[in-house]
2 protein chains.
Amino acid sequence: MQYVKIKDAIVEQIESGQLSPREKLPAERKLAESFDTTRVTLREALSLLEAEGRIYREDRRGWFISPSPLRYDPSQTLNFTNMALAQQRTPNTVLLSAQSTVANKHAAQLLDLQPFSNVYQVDRVRYLENRPVVYVTHYIRPEFVPDLLRHDLTTSLTDIYREHYGMVYQSIRYRITTSTLLGETAQALRATSGTPAMVVERINYNQHGELIDCDIEYWRHDAISIESFATLVR
Amino acid sequence: MQYVKIKDAIVEQIESGQLSPREKLPAERKLAESFDTTRVTLREALSLLEAEGRIYREDRRGWFISPSPLRYDPSQTLNFTNMALAQQRTPNTVLLSAQSTVANKHAAQLLDLQPFSNVYQVDRVRYLENRPVVYVTHYIRPEFVPDLLRHDLTTSLTDIYREHYGMVYQSIRYRITTSTLLGETAQALRATSGTPAMVVERINYNQHGELIDCDIEYWRHDAISIESFATLVR
DNA sequence: TAGTGGTCTAGACCACCAG
DNA sequence: TGGTGGTCTAGACCACTAT
């Protein structure tokens, strides 16, 4: 298993510090030559490293060393920006679209609505050190936050809820699975279709126990480490 | 992108019910022929399906349709067996080894011990419908559970704690990342090195807030959906 | 525009699983 | 033991990125 040996050689270069986070690996053809193999086998090794979360790929741009992941606690209200800043990271948010629309099947199910109900949909991409790491789609029940779209949606939704509607999250239901990035989600994260992803679905309730919104997050899987603390109810 | 089309064709066969959970796909050469392509491209499509969690591979045995994942709440005390039974699944556990040993670096860090402290180590593989789905390693601080190894370790550790030591979990710290199966972990799950995995690390505390044990779980990533509910502390 | 990554072809050999 | 999956070779073409 040549590709495991190649992988290990590259791992060693990373751990010894010869390759630093965010640094680009040499061209595939050069790497293949230096390991005396073909591109196919070399790419097998690179895919392994990608699956381990040690390197990542930007579509047609090449392979890069992964920085350490963002620690993410889904049971906290901390918004992305504050979470990143608290970890000495440099966050950024780009609003892709914000619209009033009709709930699709998935959104209707998460929000416990009849199909074709009206919802707000907000699509955003979030960056760390200028690397896009997560594609987030929010679906929001409009009755609790009329005229939501008038606010600056590049800021934190939770801040808008609190400041303009006197509403805060009190409890959260979440689901974590793995899948892949596809289509426009992949593109927005500068990834190829099929890139492994961590998927976080959250359903959020306000201080009165009412279902407010849900969000679906597609993370570059190397960019996130989910960490939480739970006290058991008996 | 031929391999995406092939993937979609197979997805359709799965969703239309022509292929059922746990059913084996035709041989790669046959599939390649029927899609009029080469094995390399066909395997690209299969890898995509694997990354999406729709099929899984057993080493040298072939590709199979994934059953629906087990819903797993890391913030519950529910042990694996009861969790599976509650979801109409058929669980099984095989004890690989149980020993008193010296903590390695990772275990010492998780358990907040000096390196080379003594710990119990219990390695187990857990099955659903006779498919191995998770490799679990427990590291246990011996002072709370003397002579632990005398008990039947194919049963639930939490049951043993409760019945023989009057101890229960009260709080849990956990971390979820993705990586790959390697070496003996892969073998025990009938997987190839490099198979995508969901990694769950848990650190458990008893009713007095004392750190009892930790466990490291390597899941076949298609076999698990992590679902939890959190009430925010303010 | 040169070089890169994305994709694909058409084979091959081997060790292992299943019958 | 036949067929399978695991691995590898040695190319090729194209669209796109970086310069």
Side-chain angles (χ1 to χ4, degrees), chain A residues 1-10 22-51 55-65 130-132 180-184 186-196, chain B residues 1-10 22-51 55-65 130-132 180-184 186-196:
Chain A
M1 285 178 319
Q2 199 176 337
Y3 69 87
V4 175
K5 294 202 180 82
I6 297 174
K7 184 213 74 175
D8 289 339
I10 298 177
R22 302 160 46 71
E23 190 174 336
K24 187 176 184 303
L25 288 175
E28 291 183 3
R29 285 169 178 83
K30 298 218 171 92
L31 280 174
E33 194 186 0
S34 72
F35 287 109
D36 193 29
T37 185
T38 59
R39 266 182 78 205
V40 175
T41 300
L42 189 263
R43 281 172 67 90
E44 192 92 6
L46 294 176
S47 294
L48 239 187
L49 286 162
E50 179 185 46
I55 65 175
Y56 63 96
R57 194 163 35 149
E58 298 215 340
D59 193 38
R60 290 177 187 284
R61 256 169 286 250
W63 300 86
F64 302 83
I65 309 294
N130 295 315
R131 175 192 175 202
T180 63
L181 303 175
L182 292 173
E184 64 169 323
Q187 265 185 37
L189 299 182
R190 294 189 208 137
T192 332
S193 276
T195 299
Chain B
M1 284 177 321
Q2 200 176 336
Y3 68 87
V4 175
K5 294 203 179 79
I6 297 174
K7 184 215 72 174
D8 290 339
I10 298 177
R22 300 159 48 68
E23 190 176 336
K24 187 179 183 307
L25 289 174
E28 291 182 2
R29 285 170 179 82
K30 297 216 170 94
L31 279 174
E33 194 185 0
S34 73
F35 286 109
D36 194 29
T37 185
T38 58
R39 267 182 79 207
V40 174
T41 300
L42 189 266
R43 281 172 68 88
E44 193 91 4
L46 294 176
S47 295
L48 238 188
L49 286 162
E50 179 185 47
I55 65 176
Y56 63 95
R57 191 161 40 146
E58 298 215 338
D59 193 37
R60 292 177 183 285
R61 255 169 288 248
W63 299 86
F64 302 82
I65 309 294
N130 294 317
R131 174 191 175 203
T180 63
L181 303 175
L182 293 173
E184 64 168 323
Q187 267 187 36
L189 298 182
R190 292 189 209 137
T192 333
S193 274
T195 300

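Below, each value reflects all heavy atoms present in this structure, side chains not excepted, and no hydrogens, waters or symmetry copies. Each chain gets a letter, A, B and so on, in the order its sequence line appears, and its residues count up from 1. Small disclaimer: the values here were computed from a predicted structure and weren't measured.
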Less than 4.0 angstrom between a side-chain N/O of [X] and OP1 or OP2 of [N], yes or no?
{"X": "A:T37", "N": "D:dC8", "value": "no"}
{"X": "B:R57", "N": "D:dG6", "value": "yes"}
{"X": "A:T38", "N": "D:dG11", "value": "no"}
{"X": "A:T192", "N": "C:dG5", "value": "no"}

Without decimals, in angstroms, what is the distance between [X] [atom1] and [N] [atom2]?
{"X": "B:L42", "N": "C:dT7", "atom1": "CG", "atom2": "P", "result": "16 Å"}
{"X": "B:W63", "N": "C:dC17", "atom1": "CH2", "atom2": "P", "result": "17 Å"}
{"X": "A:R43", "N": "D:dC8", "atom1": "CZ", "atom2": "P", "result": "16 Å"}
{"X": "B:E33", "N": "C:dA10", "atom1": "CD", "atom2": "C1'", "result": "14 Å"}
{"X": "B:R190", "N": "D:dG6", "atom1": "CZ", "atom2": "C1'", "result": "18 Å"}
{"X": "B:E50", "N": "D:dG5", "atom1": "CD", "atom2": "P", "result": "14 Å"}
{"X": "A:L31", "N": "C:dT4", "atom1": "CG", "atom2": "P", "result": "11 Å"}
{"X": "B:E44", "N": "D:dT7", "atom1": "CD", "atom2": "C1'", "result": "15 Å"}

Fill in the blank from the handout: Tightest non-hydrogen contact, residues A:A186 and A:S193, listed as CB-N, 4.1 Å
Problem - Contact pattern, 5' to 3', of nucleotides 12-19 of chain D - B, S or - by protein heavy atom under 4.0 Å - result: BB-BSSS-
Handout entry: Which residue lies more 5' along DNA chain D, comparing B:V40 with B:G62 via nearest heavy atoms
Key = B:G62
Practice task
Test the A:R131-A:Y56 pair against the cation-pi criterion, namely NZ or CZ under 6.0 angstrom from the six-membered ring centroid and within 45° of the ring axis.
Solution key: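 Flagged: A:R131 positioned over aromatic ring of A:Y56.
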Problem - Per B:K30 side chain, nearest of listed nucleotides D:dT4, D:dT7, C:dG6 - result: D:dT4
How many angstroms lie between [atom1] in [X] and [atom2] in [Y], if you round to the nearest 0.5 Å?
{"X": "A:L48", "Y": "B:T195", "atom1": "CG", "atom2": "OG1", "result": "9.0 Å"}
{"X": "A:I10", "Y": "A:I65", "atom1": "CD1", "atom2": "CD1", "result": "8.0 Å"}
{"X": "A:E50", "Y": "B:T180", "atom1": "CD", "atom2": "OG1", "result": "12.0 Å"}
{"X": "B:M1", "Y": "B:K7", "atom1": "CE", "atom2": "NZ", "result": "9.5 Å"}

Problem - Within residues 2-10 of chain B: residues closer than 4.0 Å to DNA chain D (heavy atoms) - result: none
Exercise for the section: Flag yes if more than 12 heavy atoms outside B:E23 fall under 6.0 Å of its CD atom; otherwise flag no. Expected result: yes
Exercise for the section: Return yes when atom NZ of B:K24 has more than 12 non-hydrogen atoms of other residues, nucleotides or ligands closer than 6.0 Å, and no otherwise. Expected result: yes
Exercise for the section: Can you sort out the partners of A:Y3 under ring-ring contact (aromatic ring centres under 6.0 Å, His included), two or more places apart, ordered by chain and number? Expected result: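 Expected list: none.
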